[in-house]
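Side chains are part of it too, since the values below use all heavy atoms of this structure and drop only hydrogens, waters and symmetry mates.
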Amino acid sequence: MAASRWKSTLYASEKFVEACGAVVFDTTNNPKRVLLLYHSGCDEWVLPKGRRNCNESRKAAAVREVGEESGCTIRLLPTTMNTRAPSDWEAADVKDEPRSYDSLTEPFMLDVRDLGNAKGVKLVWWFIAELGGVQGDGEAQFRPEFVPCDKAAKQLTFQKDRDVLVKALEIMGEHSRTGSNPIGRMSTRTPRNGPQARRYY
């Protein structure tokens with residue numbers, strides 16, 4: 001029997017759980033503000049997220065969980081981001097490499113958490129969204145607050161939440177930039193159909 005060429009770990013369905021969350025921007029204000037939740041019982045500032053239900057898409061889970069926890073309705077925000085996922089108009093054997101596409105509502109970050117004690121892993125998919133409105137009070141343990149982008153990262157309790165927010169701010173163009181491209185040179189090509197892709201090489 002041939003061995004796999006890559007380091008690989010298999011998890012049966014009872015050994016993993018998926019969660020989905022969103023970095024939610026209030027784009028009606030200038031500068032923009034971002035949604036944080038204060039968990040009063042734990043004295044923690046966090047980003048909204050929660051477990052995906054059976055037969056629920058990741059996008060729907062993110063929208064639902066933000067609404068349940070904060071009372072806010074949201075829309076996933078189309079952005080330009082780098083991804084290794086090919087577009088539906090490219091050849092099936094397109095090279096596996098980062099490309100930048102416009103108008104994506106895909107996850108921009110994946111957090112893989114080892115739950116320890118042979119409990120398996122938790123996969124947390126993160127999306128970028130914008131505030132649609134307020135539909136209620138949200139869950140009692142959370143107090144939602146929209147915080148200016150330049151202060152939100154420092155207010156978050158956990159470093160991983162800060163890292164997620166910083167990446168979202170970079171994608172949104174709200175984070176300071178050096179002006180250099182860390183991936184490489186960029187070329188732009190316009191397809192006959194589908195989103196515009198920028199290939200890094």
Side-chain angles (χ1 to χ4, degrees), residues 1-24 35 37 39 42 44-70 74 76-129 139 141-142 153 156-171 182-184 194-195 197-201:
M1 182 181 296
S4 174
R5 290 177 289 172
W6 300 278
K7 182 179 179 181
S8 178
T9 304
L10 294 175
Y11 295 97
S13 57
E14 67 270 20
K15 289 295 184 179
F16 70 87
V17 62
E18 283 191 279
C20 300
V23 178
V24 181
L35 174 63
L37 299 179
H39 193 301
C42 300
E44 296 169 351
W45 287 94
V46 297
L47 296 171
K49 70 177 185 305
R51 288 179 295 176
R52 182 180 68 83
N53 294 335
C54 292
N55 300 319
E56 184 179 35
S57 72
R58 292 169 184 152
K59 292 182 179 181
V63 172
R64 175 184 56 78
E65 281 292 342
V66 171
E68 289 178 354
E69 292 186 346
S70 70
I74 64 168
L76 297 186
L77 188 62
T79 61
T80 299
M81 71 174 72
N82 299 324
T83 179
R84 288 170 61 174
S87 71
D88 55 6
W89 52 266
E90 291 179 297
D93 60 349
V94 64
K95 189 175 180 180
D96 181 3
E97 63 182 7
R99 295 174 176 78
S100 181
Y101 296 102
D102 298 324
S103 301
L104 293 185
T105 55
E106 298 292 311
F108 73 95
M109 185 78 82
L110 169 62
D111 179 9
V112 181
R113 302 181 181 182
D114 185 345
L115 300 178
N117 298 319
K119 292 182 179 180
V121 294
K122 184 175 186 177
L123 310 176
V124 185
W125 301 91
W126 289 101
F127 295 83
I128 293 176
E139 295 178 357
Q141 70 269 29
F142 293 120
L156 286 165
T157 300
F158 300 105
Q159 184 60 48
K160 280 200 172 183
D161 278 355
R162 294 175 183 174
D163 294 341
V164 169
L165 175 56
V166 167
K167 182 62 178 178
L169 292 173
E170 290 176 354
I171 293 173
I183 300 177
R198 301 176 178 86
R199 183 189 298 269
Y200 291 88
Y201 58 94

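Taking all atoms of both residues into account, the shortest heavy-atom contact from Asp114 to Gly120 is OD1-O, 3.7 Å. Pairing each heavy atom of Lys122 with each of Ala19, the nearest pair is CE-CB, 3.7 Å. Looking at every heavy atom in both residues, Pro78 comes nearest to Ser103 through CB-CA, 3.8 Å. When all heavy atoms of Ser57 and Ala60 are compared, the closest pair comes out as OG-N, 3.0 Å. Pairing each heavy atom of Tyr101 with each of Trp89, the nearest pair is CE2-CZ2, 4.3 Å. For the pair Ile128 and Ile171, the tightest heavy-atom approach, listed with the atom from each and the gap, is CD1-CG2, 3.8 Å.
Between Asp161 and Trp45, the closest side-chain pair of non-hydrogen atoms is not below 4.5 Å. Residues Ile74 and Leu35 are not in side-chain contact: their nearest non-hydrogen atoms beyond the backbone lie 4.5 Å or more apart. Side-chain contact between His39 and Thr157 is absent, with no heavy-atom pair separated by less than 4.5 Å. Under the 4.5 Å side-chain criterion, counting only non-hydrogen atoms from C-beta, Phe127 is not in contact with Thr105. Annotation: side chain of Trp126 is not in contact with side chain of Pro107 (no heavy-atom distance under 4.5 Å). A heavy-atom distance below 4.5 Å is found between the side chains of Leu47 and Val164.
Atom CD of residue Glu44 and atom CZ of residue Phe158 lie 3.5 Å apart, to the nearest 0.5 angstrom. Atom-to-atom distance recorded for Thr83:OG1 and Arg99:CZ is 9.5 Å, nearest 0.5 angstrom. Interatomic distance, CG of Leu165 versus CD of Glu170, reported as 10.0 Å (0.5 Å rounding). Summarising the geometry, atom CE belonging to Met81 is positioned 7.5 Å from atom CD belonging to Glu106; distances are rounded to the nearest 0.5 Å. Expressed to the nearest 0.5 Å, how far CD of Glu139 lies from OG of Ser70 amounts to 9.0 Å. Within the model, atoms CZ of Arg52 and CD of Glu65 stand 11.5 Å from one another, a figure rounded to the nearest 0.5 Å.
Shown are Lys160, Lys167, Gln159; of these, the side chain to side chain donor-acceptor pair (under 3.5 Å) with Asp163 is made only by Gln159.
No donor-acceptor distance shorter than 3.5 angstrom exists from the side chain of Lys49 to the backbone of Trp125, with no hydrogens or angles considered. Proximity of a side-chain donor or acceptor of Arg58 to a complementary backbone N or O of Cys20 within less than 3.5 Å is not detected. Using modelled atom types, one side-chain atom of Arg162 and one backbone atom of Ala153 make a donor-acceptor pair closer than 3.5 Å.
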Pair Ser8-Trp6, side chain to side chain donor-acceptor pair (under 3.5 Å): steps then yes or no: CA-CA 6 Å; Ser8 178; Trp6 300 278; over 6 Å; no

Candidate pair Phe108 and Val23, rule side chain to side chain contact (heavy atoms under 4.5 Å, CB included), full reasoning: CA-CA 10 Å; Phe108 73 95; Val23 178; 4.0 Å; yes

